[in-house]
Protein chains: 2
Amino acid sequence: MKASLRDISERTGVSITTVSRVLNDKGDEFRISKETQKKIFFTAKELNYVPNQTGVNLQSGKTRTIALIVPGLVNPFFANVASSIATEIQGTGYNTLITDSNENIEIEKDELKQMISRNVDGIIIASAGHDGSHINKIDDMGIPIVCIDRYFDNLQVPFVATDNFLGAEMATDHLLKRGHNHIACIQGAMHSMPNKIRIKGFEHTMNRYGIQDCTITGSDFTVQNGYTETLLLLQNKPFPTAIFTLSNTIALGCMKALKENNVRVPEDVSLITFDNHPYLDYLSTPLTCVAQPFQDICRIAIRLLFSMIDKEDLTTKQVLLRPEILVRNSVKRI
Amino acid sequence: MKASLRDISERTGVSITTVSRVLNDKGDEFRISKETQKKIFFTAKELNYVPNQTGVNLQSGKTRTIALIVPGLVNPFFANVASSIATEIQGTGYNTLITDSNENIEIEKDELKQMISRNVDGIIIASAGHDGSHINKIDDMGIPIVCIDRYFDNLQVPFVATDNFLGAEMATDHLLKRGHNHIACIQGAMHSMPNKIRIKGFEHTMNRYGIQDCTITGSDFTVQNGYTETLLLLQNKPFPTAIFTLSNTIALGCMKALKENNVRVPEDVSLITFDNHPYLDYLSTPLTCVAQPFQDICRIAIRLLFSMIDKEDLTTKQVLLRPEILVRNSVKRI
DNA sequence: TTGAAAGCGCTAACAT
DNA sequence: ATGTTAGCGCTTTCAA
């Protein structure tokens, strides 16, 4: 069985307090004899002692743990975010707990509850929810929480995300400048803020070029959605000259449908997508994309979170970062 | 602040015990009046009560938590594994804590220690280590632990992985049958079991075809490694007719180097790789690969882990699963 | 139908 | 230089 301070105390004949002190490197501070210290360290090692954090937590209320909740690790964007956050937090003395809500708001709420139950010191979340009321409640409770990617601009809750309006504008502009004006946009989860804003950016830019009716279809950030919607698009005459997909995953499904129907990119249709991915460069047609600065998003989110944990007062708590357009060969000039 | 049982007890005027009972749905069992129950539930809601798991854990020693430690979420294989495990565990009443060791054994050891400190009920790990002594120690302590992908066959610790020998055999055979006999293999982390076994499978198959000296290079499962090694390979005369990369990520780096040097696949060189990925189908040359049954690996690992947690005795504790070869167009018959 | 008290592992304030 | 004690939030035994 796992050894406790008491076990060591019994074996060594000194009090639990002394054992605790020595094992917390406060032996010298309390002028505990080298002799005793040595004995304690030895016994601890012998018994394979690992401190039971539960005891510490209960005592201090702190866990030195950050929770990260993402809607889906299968989405490379979130896998990157998770990896990036875990890496950044390493070395700060904190640990990262990652959970996956599977785009399910009920699971998300449950996970959130679990995290609070576990006394995590802070939470970073990309919420699957339509509204942020459950997140607001946590913020109200005084538990440090920051949203990334999926945020709620009607709340005071801090967030870090891509400037999705700008991103969509850049993509649409790229298409329009190259002579496309029949553009179809395949969107993701309609209620999510990034999606809503991207759509706004798309429509705004189209309007600026005098195009009033925009084709917008789709309903979630899955490969399946990209596939189905493209198949549907293929039924329409005339077929758009360009497609703008709002994620990596949607682009993948879109390409699948296109390929199966022998529609070539960019000869028959141009394609531009949100999200970069290492593979995009090696596709039969390397895909032009709007890359999100996910590393910066993570870093700033962590910075914000720690400022809340440390009760430091930052003025800027809601930040939108500039995306970048990576031009490859999937858009044809017409 | 967070409300505790005591707060509710004080507000309602009943004892902590009663509050605890009601909130744990044992109100009827203890025949606590509907009246009192209602009052307690109401107050709990009002105070936003969330049970402090720390207290529960301390009391029970159980956390209903499974830890998953992977060497890198950036690797799509592990992202898939993480997502799959999290999903499978949802609904069992357990939670999953995912951490990323970044292929760093020191970080891994620290995380392992943290997890034990946190009293997780079980651990699933894809270890970054050369040997499994640290894992064996945990097993010895009686803490349920199972290895996935990266395992140690000299230990009794349960594991689930792909039959890497068979996988490598299938890939090599595929190449040899199509007339290739000058094959270069770019490997990953040399000390890791999957890598070692894949190399064995490769060499064994080559030998079976009467080829004694095999080109084997590379040192880790990164894109960079694939890139560098391919560049090096390109210096050699004669250049191999086929390349066998031992992971997804290595294949990516390999393709990058190939592309930059205008070497076409499969016209100039054939390519086959370990690991499937949704994008592989849409590459300029769809890549033939050995797909690992990661879903099954996850399911069985969880099954094994729970059997240990429940002290159920399974006879088979070390399982190797059959991979599958997905033939696409990256291998030319010569 | 309800409560008091003990104890899980740990730290810290207060002795000595 | 080391120990005693109380208390963190919770469940459970025993009592009423």
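Here is the naming used below: chain letters follow the sequence lines, and residue numbers restart at 1 for every chain. Remember, it's a predicted structure, so these values are computed and weren't measured experimentally.
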Q: Look only at the side chain of A:S307 and the backbone of A:L304, and say whether a donor-acceptor pair between them is shorter than 3.5 Å.
A: yes
Q) Heavy atoms under 4.0 Å, any strand shown: does B:R6 hit a base, just sugar-phosphate, or nothing? A) sugar-phosphate
Q. Which residue pairs pass the salt bridge (Lys or Arg N to Asp or Glu O under 4.0 Å) test when at least one of the two sits in residues 97-119 of chain B, sequence neighbours left out?
A. B:E103-B:R150
(Q) Let me test you: for the helix from C:dT1-D:dA16 to C:dT16-D:dA1, what is the angle between the axes at its two ends (five pairs each), rounded to 10 degrees? (A) 50°
**Q.** Partners passing salt bridge (charged side-chain N to carboxylate O under 4.0 Å, His left out) against B:E312 (at least two apart in sequence or in another chain)
**A.** B:R303
Q. Between which nucleotides of DNA chain D, 5' to 3', does chain A make heavy-atom contacts below 4.0 Å?
A. D:dA1 to D:dG9
Q) Is the closest basic N to carboxylate O distance between A:D28 and A:K34 below 4.0 Å? A) yes
Q) Is A:S20 side chain donor-acceptor paired with the C:dA12 base, going by distance under 3.5 Å alone? A) no
Q. A:D139 versus A:M308: any side-chain heavy-atom pair under 4.5 Å?
A. yes
Q | Contacting residues from residues 45-54 of chain A, given that a heavy atom lies under 4.0 angstrom of DNA chain D | A | none
(Q) Is there a side-chain contact between A:S20 and A:T17 in this structure, where contact means two heavy atoms from C-beta onward sitting under 4.5 Å apart? (A) no
Q | Residue pair B:I85 / B:I148, side-chain heavy-atom distance below 4.5 Å | A | yes
Q. Which residues within residues 23-44 of chain A lie with some heavy atom under 4.0 Å of an atom in DNA chain D?
A. A:F30, A:R31, A:I32, A:S33, A:T36
Q: May I ask you to check whether B:F306 and B:Y94 place their ring centres under 6.0 Å from each other?
A: yes
